[in-house]
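Basis for what follows: all heavy atoms, side chains included, without hydrogens, waters or symmetry-related copies. Quick caveat: nothing in here was measured; it's all calculated off a predicted structure.
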Amino acid sequence: MKHTALVLLLLGAAAGVGYAQNNDSIVLDSLYIPESVRQLEEMEISAERPLYSVDGEKQMYNVGDDPSVQTGTASDALQNAPGVEVDAEGNITLRGSQSVEVWIDDRPSHLSGEALRQYIKTLPAGAIERIEVITNPSARYGGGGPVVNLVMRRKVKRNEFLSLGASGNLRPQVSPWASYVYTNKRFSINLYAEYDYSHTWTNQSGSSTLLTPAGDTSAMRSYTSRQDYYRHGSYLWLSGHYDIDTQRTVSFWGGAYPSLATCKGNTNMQWDERIYSPGDYSYRTAFSSRDVNWGTFGGVDYTHRFNDEGKQFWLQLGGNTHAYLLSESDETRTYDVLSTLDYATHDSYPSNSGVGLSAEGGYTLPFGQKWELEVGAAGDIGTPSHYAFTSDSIIDGVAVRDRLRSYEMSESSWSYSVYTTLLRRFGNLTVKLGFRAGHGHTEGTWNGHTSATVDRTIIEPLPSVHLTYRTKNMHNFSLSWTRRVAAPDADDLTSFITYGTENYSVGNPDLKTTVSQNLEGRWDKYFDGFGNVGAELFWRAEQDAISSIGDVAYSEVFGREVSFTMPHNIGDADLAGGTLNVTYRPTAFFNLRLSASAYNYHYRLMFRPGEWTEDAAWSGRLRLNAWAKLWKVLQVFGTVSYTTRQIAPMNIHEPTFRTDLGLSADLLDRKLSLYLNVKDVFGSDGEQWQTTNPYYQGGGRRTHGSQYMSLGLTLRFGKMELENMARTGGQN
């Protein structure tokens, strides 16, 4: 006699039963089972795992439990992950930012650009178990930036397809590419190659007033400029995955990215000198540059899973190289009246190369279903790199070396760190503690001068705390705190002065390491038939934040007051505010997202000895995104964003507004894909700013060709088995 007791887990509606999700398992707390039920010969306990949940630092979307999205792609699934958006071209954003790391099975994907976009557009959603969104990463993640982690089902028996495509826009830009993917039970390989030609431009205008320490006007200037950038580049990618057996896996990846970039520009300048050589000057500058770059990267990952309970060891080795094969520029200046001041220069980098190596490993040890310990270590080293910059003045067609502006520089760096995290589950409460610490070292030498040598070692303690709690009614609460540091690099620390034609820049040997405290509190609730509602409060306090400040000083080289830039430590800087996120999701293939935030930014800066400046202001962002998939083949995208006035150290940025629209279609059983994007529909996206330094006042506006239309086409040949499984009702 067989009975089924559907009692118990309507997630314990009556008994208050809790559970914890650990990878693919669900662990139940203690249950009270009545005597009448205990007398049954056999009993089944069934539960519905929530579509959205939290655990540690992770917000999770359980793709495997959402049957309505199984016939789609990874791009479709990502549209439903908390805070994630994917546009018609396949670009991933998180909370409106594209600074997102995409990981696969808790490892960096090492995919970027078109390779990443095509991966998520061709990977079947049925291959994904869940998507983890990490906005405030723990000590486990060394970079500190937001992470989107795709956890795979690993049940692919055979996938093989070739994709050919091309995209382009009216700037113009043209990018043909090819991709090949092969997967069987134990082995997979991914080949990708693309060529890209693009033309982008920037228009800029502005004015500035330079004052002496006594407050007298030294000079006034205004300008207009245009720069056109042309790039020929390619990107080659190879990755593979091999299951040695059921416990051991080896993955590898590698790529190269050669490119040729040129730039042409001109500037019209009006100059009114008041104190030193008074007079009005007008001139036109023409500029051109050529750069040939070559870079490679690669690595290997070994993972050993000891059992089915999550115990595993992994080791990852990687490296990269970069080289400027050619880098040179030419500039001519022609005065309207004083032709005796006309000049021409030729600058070049005869050599510029470097090699970097990295290693990282970790060990995960669970203790039952409630405890989990992870320890790991990471290190990287940059072999000594050499940079040489030469500047020549062209006099009567003859190049004469400018000793003031020419220099040689060498730098090297290394770092290592160790980390540990401890996770403990108390029913529906999860506590995750983390700690990361290490050494970082950077040094550089300019022209062999001891006074310009940088040698700095940084110690980095990085603790983290993450708490999550889930109620019986599926309200998700999380609280996280992390400490992060950002060390200045060699260029920031040097006292060596780099001269331009009208200004100069210099480092600051007294810079301190930036320390930040990040606190986030969040509430989320998923409502069946509606979608997700969430609210968040955040606070970030930075001590000794580094910011490059524009200022004015008298220079003996120029014989007058000139502008210069120098990095400073901001004494205090903090950001506090809140965000409301609403996702209306009546079906798996439609959502409407609203994200609204308000925050207050405050800073206090000593930019000259004994002189402080301080400012604080409220700002806000509003972003509305709509996505729909119609008739299983057509996707419609729309995004409207608005940012109010914002402040930065000694700068004010005016409001910005932008609208993007897009269409994407999958035809012929997804063998053919097309997309159409219209960026910045109303041509309203531009940057306008004001400088608030009391000795260097002014402002400007910059536009960058943000309004354009782009088209793309993809042809695919082959078989995607998981997609066919999903269509016939295959479930995990």
Side-chain angles (χ1 to χ4, degrees), residues 99 144-145 208 210 213 382 385 387 389 405 407 409-413 415 440-447 449-460 484-517 540-555 557-558 561-575 601-615 646-653 687 689-698 700:
S99 300
S208 60
L210 283 62
S385 301
Y387 306 83
F389 174 77
R405 293 177 173 82
Y407 63 89
M409 182 260 190
S410 62
E411 66 174 346
S412 62
S413 63
S415 68
H441 174 89
T442 181
E443 63 179 64
T445 303
W446 283 258
N447 286 357
H449 297 316
T450 303
S451 62
T453 299
V454 171
D455 188 344
R456 178 68 66 91
T457 300
I458 306 297
I459 299 178
E460 304 178 353
R484 299 188 181 120
V485 299
D489 59 26
D491 288 336
D492 290 331
L493 294 167
T494 182
S495 58
F496 183 80
I497 299 176
T498 303
Y499 288 97
T501 55
E502 298 288 358
N503 48 36
Y504 68 88
S505 62
V506 63
N508 184 352
D510 298 324
L511 282 180
K512 302 175 184 178
T513 299
T514 300
V515 179
S516 65
Q517 314 282 344
R540 183 182 71 210
E542 291 184 325
Q543 179 182 356
D544 296 321
I546 298 173
S547 182
S548 184
I549 303 296
D551 206 346
V552 178
Y554 178 82
S555 170
V557 170
F558 294 97
E561 304 276 348
V562 297
S563 61
F564 73 96
T565 57
M566 178 179 178
H568 288 263
N569 284 123
I570 298 176
D572 299 295
D574 59 82
L575 181 74
Y601 177 67
H602 165 264
Y603 72 89
R604 187 167 185 263
L605 164 69
M606 185 173 70
F607 67 101
R608 290 184 179 181
E611 295 190 48
W612 290 83
T613 182
E614 184 174 11
D615 201 358
Q646 300 181 85
I647 65 169
M650 295 184 131
N651 272 282
I652 297 174
H653 297 270
E687 182 183 3
W689 70 92
Q690 301 176 34
T691 301
T692 57
N693 186 315
Y695 303 99
Y696 182 44
Q697 302 172 356

### Query
Among all residues two or more places apart in sequence or in another chain, which pass the side-chain hydrogen bond (donor to acceptor under 3.5 Å, both in side chains) test with Q697?
none
### Task
Kindly write out the residues that satisfy side-chain hydrogen bond (donor to acceptor under 3.5 Å, both in side chains) with R540, not counting sequence neighbours, or none if the list is empty.
none
#### Entry: Any residue meeting side-chain hydrogen bond (donor to acceptor under 3.5 Å, both in side chains) with T498, in chain and number order, not counting sequence neighbours
none
### Query
Under 3.5 Å, is there a donor-acceptor pair between the side chain of Y603 and the main chain of M650?
yes
### Message
Going by side chain to side chain contact (heavy atoms under 4.5 Å, CB included), name the residues that satisfy it together with N503, two or more places apart in sequence or in a different chain.
### Response
S563
### Message
Can you list everything that forms a ring pair (Phe, Tyr, Trp, His ring centres under 6.0 Å) with Y554? Sequence neighbours excluded, please.
### Response
Y276
## Note on the structure
In this structure, CZ of R604 is separated from CG of D615 (nearest 0.5 Å) by 13.0 Å
### Task
Show your working on side chain to side chain contact (heavy atoms under 4.5 Å, CB included) between T692 and N651 and close with a plain yes or no.
CA-CA 6 Å; T692 57; N651 272 282; 5.7 Å; no
Determine all donor-acceptor pairs shorter than 3.5 Å in which one atom belongs to a side chain in residues 566-573; sequence neighbours excluded.
residue	atom	partner	partner atom	Å
N569	OD1	K512	N	2.7
N569	ND2	K512	O	3.2
N569	ND2	D544	O	2.8

### Query
How far does CD of E542 sit from OG of S516, to the nearest 0.5 angstrom?
5.5 Å
### Task
Of all the heavy-atom pairs spanning G550 and T565, show the shortest one and how long it is.
CA-CG2, 4.4 Å
### Task
Identify the heavy atoms of P649 and I549 that sit nearest to each other, and give their distance.
CB-CD1, 3.9 Å
### Query
Got a donor-acceptor contact below 3.5 angstrom from the S555 side chain to the V557 backbone?
yes
### Query
Out of curiosity, H441 NE2 to S415 OG, how far, rounded to the nearest 0.5 Å?
11.0 Å
#### Entry: Closest contact, heavy atoms only, D491 versus T494
O-CG2, 3.5 Å
### Task
With sequence neighbours excluded, tell me which residues meet side chain to side chain contact (heavy atoms under 4.5 Å, CB included) with E687.
H653, W689, R702
### Message
Quick check: closest heavy atoms across T501 and R405, and the distance to 0.1 Å?
### Response
CA-NH2, 4.1 Å
### Message
Tell me the closest heavy-atom pair linking Y696 and S208, and the distance in Å.
### Response
CE1-CB, 3.8 Å
#### Entry: Minimum side-chain heavy-atom gap P694-F607 below 4.5 Å
yes
### Task
Drop me the distance from L511's CG to D492's CG, to the nearest 0.5 angstrom.
6.0 Å
### Task
Quick one: which residue pairs count as a salt bridge (charged side-chain N to carboxylate O under 4.0 Å, His left out) with a foot in residues 496-509, not counting sequence neighbours?
R333-E502, E502-R560
### Message
Please give me the minimum heavy-atom distance between I546 and P488, naming the atom from each residue.
### Response
CD1-CB, 3.7 Å
### Task
Sequence neighbours left out, what passes side-chain hydrogen bond (donor to acceptor under 3.5 Å, both in side chains) with R608? Give chain and number order.
D551
### Task
Not counting sequence neighbours, which residues clear ring pair (Phe, Tyr, Trp, His ring centres under 6.0 Å) with Y504? List them please.
Y499, F564
